[in-house]
Amino acid sequence: MTPQQKKIRKLLREKQGILLAHYYVRPEIQEIADVLGDSLALARAAAASDAKVIVFAGVHFMAQSAAILSPEKTVLLPRLDAGCPLADAATVESVRLMREKEPEALFVTYINSSAEVKALSDVCCTSSNALQIVNNQPAGKKIVMLPDGNLARHTSSVTGREVIAWEGCCPVHQALTPQEVIALKQEFPEAPFAAHPECRPDVLALADFVGSTSAILKFARESGARTIIIGTEAGILDKLRKDSPDKQFVLASEALLCADMKKITLDDIEKSLITMQPAVTVSRKISRAAKKTLDRMLSLSS
């Protein structure tokens, strides 16, 4: 570890804190995280931890979820401007209008959403458990899935359930085009293409495997292929190469880079631990309602 990484680990011990990091954040942060994972793993870690302080290396909705699941803990997000355009695609007003339009529907909300939107929903999901969550709902029940339309359409196609898809998307995954994938498949004809379900339908149609970041990691470890084309954010490459140093991983597009996920630096984390700011909080009323949706998700996920 570098001197700064050692200092951060020392500060975490002094503050009785843990560092949770998403696979998409900077590699030097991934290296010193207590828990490195996807949204589902990080939500579980936040709920289960007995730490007094949670430092979140990710984006705002993730820190909000940690604050909802662990209201007695101090949750730090070193950069409050680390946001998520996908989460912004569903506002409180737009969800209320849809609930009025579809009063009998069950609202399944992707964890990539604000606390206020979660509070208006019935159950949360992540890309790891969306299929399981939807399959667990009563047969014949109308489902609205938000805010990611691509995840909703993929979930509908795999489960066979009728799902009303919200028209939001992750601009990073949406930027990957089928033309880019086809070109790489021609260049690496033996390489399977692993894609995240936030990718557009015409890209997913070309995929040999579709799954969350953690599922892509598992697929890569178990695959006999020596080269794999990766259709998700570039940050996952560090973990893929550590897990399988004998394999080649080809990023499907240079556009697969989330600026928000890269905002937090080691400097930001060090400063946050020293000042104990910025802290992310959620009002008791919103937190109570949103926690029910997250608790339902965790109870339905294996």
Side-chain angles (χ1 to χ4, degrees), residues 1-88 111-116 118 170-172 213 233-239 242 256-284 286-287 290 294:
M1 286 193 290
T2 66
Q4 186 175 37
Q5 287 175 317
K6 290 178 181 177
K7 183 177 181 180
I8 289 169
R9 291 304 318 169
K10 182 174 182 287
L11 285 167
L12 285 165
R13 288 192 295 273
E14 290 172 353
K15 305 284 186 176
Q16 299 180 56
I18 58 168
L19 174 61
L20 305 184
H22 195 276
Y23 289 122
Y24 297 166
V25 302
R26 294 168 181 263
E28 62 269 25
I29 295 173
Q30 295 187 34
E31 289 169 0
I32 59 169
D34 292 280
V35 180
L36 175 65
D38 61 7
S39 296
L40 179 59
L42 296 177
R44 283 179 171 150
S49 174
D50 58 1
K52 291 184 177 179
V53 177
I54 296 174
V55 183
F56 225 110
V59 292
H60 194 265
F61 76 80
M62 296 178 180
Q64 269 194 334
S65 294
I68 291 164
L69 289 165
S70 301
E72 74 287 357
K73 300 182 178 79
T74 298
V75 178
L76 302 175
L77 180 66
R79 286 281 296 270
L80 286 179
D81 61 340
C84 176
L86 171 57
D88 295 339
I111 200 167
N112 300 44
S113 57
S114 70
E116 291 79 9
K118 288 181 177 71
C170 166
V172 174
T213 46
E233 209 275 342
I236 196 178
L237 293 175
D238 296 284
K239 178 65 173 168
K242 285 178 180 176
L256 291 167
L257 188 71
C258 177
D260 281 289
M261 280 286 191
K262 302 296 187 283
K263 280 182 178 175
I264 294 174
T265 65
L266 290 175
D267 287 343
D268 295 323
I269 294 173
E270 181 182 342
K271 181 181 177 182
S272 189
L273 279 165
I274 292 169
T275 63
M276 294 299 286
Q277 295 293 330
V280 173
T281 59
V282 180
S283 74
R284 185 175 297 179
I286 295 296
S287 183
L294 287 165

Any residue meeting salt bridge (Lys or Arg N to Asp or Glu O under 4.0 Å) with Asp260, in chain and number order, not counting sequence neighbours:
Lys263
Residues forming a side chain to side chain donor-acceptor pair (under 3.5 Å) with Arg26, sequence neighbours excluded:
none
Side chain to side chain contact (heavy atoms under 4.5 Å, CB included) for Ile286 and Ile68? Distances and angles first, verdict last.
CA-CA 9 Å; Ile286 295 296; Ile68 291 164; 5.8 Å; no
Taking the side chain as C-beta and beyond, is there a heavy-atom pair between Leu266 and Ile32 under 4.5 Å?
yes
Please name the pair of heavy atoms, one in Lys118 and one in Ile111, separated by the smallest distance, quoted to 0.1 Å.
NZ-O, 2.8 Å
For the student: nearest non-hydrogen atoms of Lys239 and Tyr23, plus distance
CG-CE2, 4.0 Å
For Asp81, give me all partners under side chain to side chain donor-acceptor pair (under 3.5 Å), at least two apart in sequence or on another chain.
Arg79
Given the rule in the side chain to side chain contact (heavy atoms under 4.5 Å, CB included) test, do Ile269 and Leu76 qualify, once you have shown the distances and angles that lead to the verdict?
CA-CA 9 Å; Ile269 294 173; Leu76 302 175; over 6 Å; no
Which atoms form the tightest heavy-atom contact between Ala63 and Phe56, and what is the distance?
CA-CD1, 3.9 Å
Taking every non-hydrogen atom, the tightest pair across Leu19 and Ala57
CD1-CB, 4.3 Å
Residues in salt bridge (Lys or Arg N to Asp or Glu O under 4.0 Å) contact with Asp34, at least two apart in sequence or another chain:
Arg9
Once side-chain contact (heavy atoms from CB on, under 4.5 Å) is applied, do any residues pair with Ala41, and if so which ones, sequence neighbours excluded?
Asp38
Got a sec, which residues hit ring-ring contact (aromatic ring centres under 6.0 Å, His included) with Tyr24, two or more places apart in sequence or on another chain?
His22
Side chains of Val55 and Leu273 in contact at under 4.5 Å (non-hydrogen atoms)
yes
Please report the shortest heavy-atom distance between Ala21 and Ile29, naming the atom on each side.
CB-CG2, 4.3 Å
side-chain hydrogen bond (donor to acceptor under 3.5 Å, both in side chains) contacts touching residues 45-72 (sequence neighbours left out)
Ser70-Lys73
For residues Gly37 and Leu42, report the shortest heavy-atom separation together with the two atoms involved.
O-CD1, 3.6 Å
Sorted by chain and number, sequence neighbours left out, side chain to side chain donor-acceptor pair (under 3.5 Å) with Gln16 holds for none
Thr275: which residues meet the side-chain contact (heavy atoms from CB on, under 4.5 Å) condition with it, sequence neighbours left out?
Lys271, Gln277
Under the side chain to side chain donor-acceptor pair (under 3.5 Å) test, which residues partner Lys7, sequence neighbours left out?
Glu270
Qualifying residues under side-chain contact (heavy atoms from CB on, under 4.5 Å), relative to Ala67, sequence neighbours excluded
Val75, Val282
Donor-acceptor under 3.5 Å (Gln5 side chain, Glu28 main chain)
yes
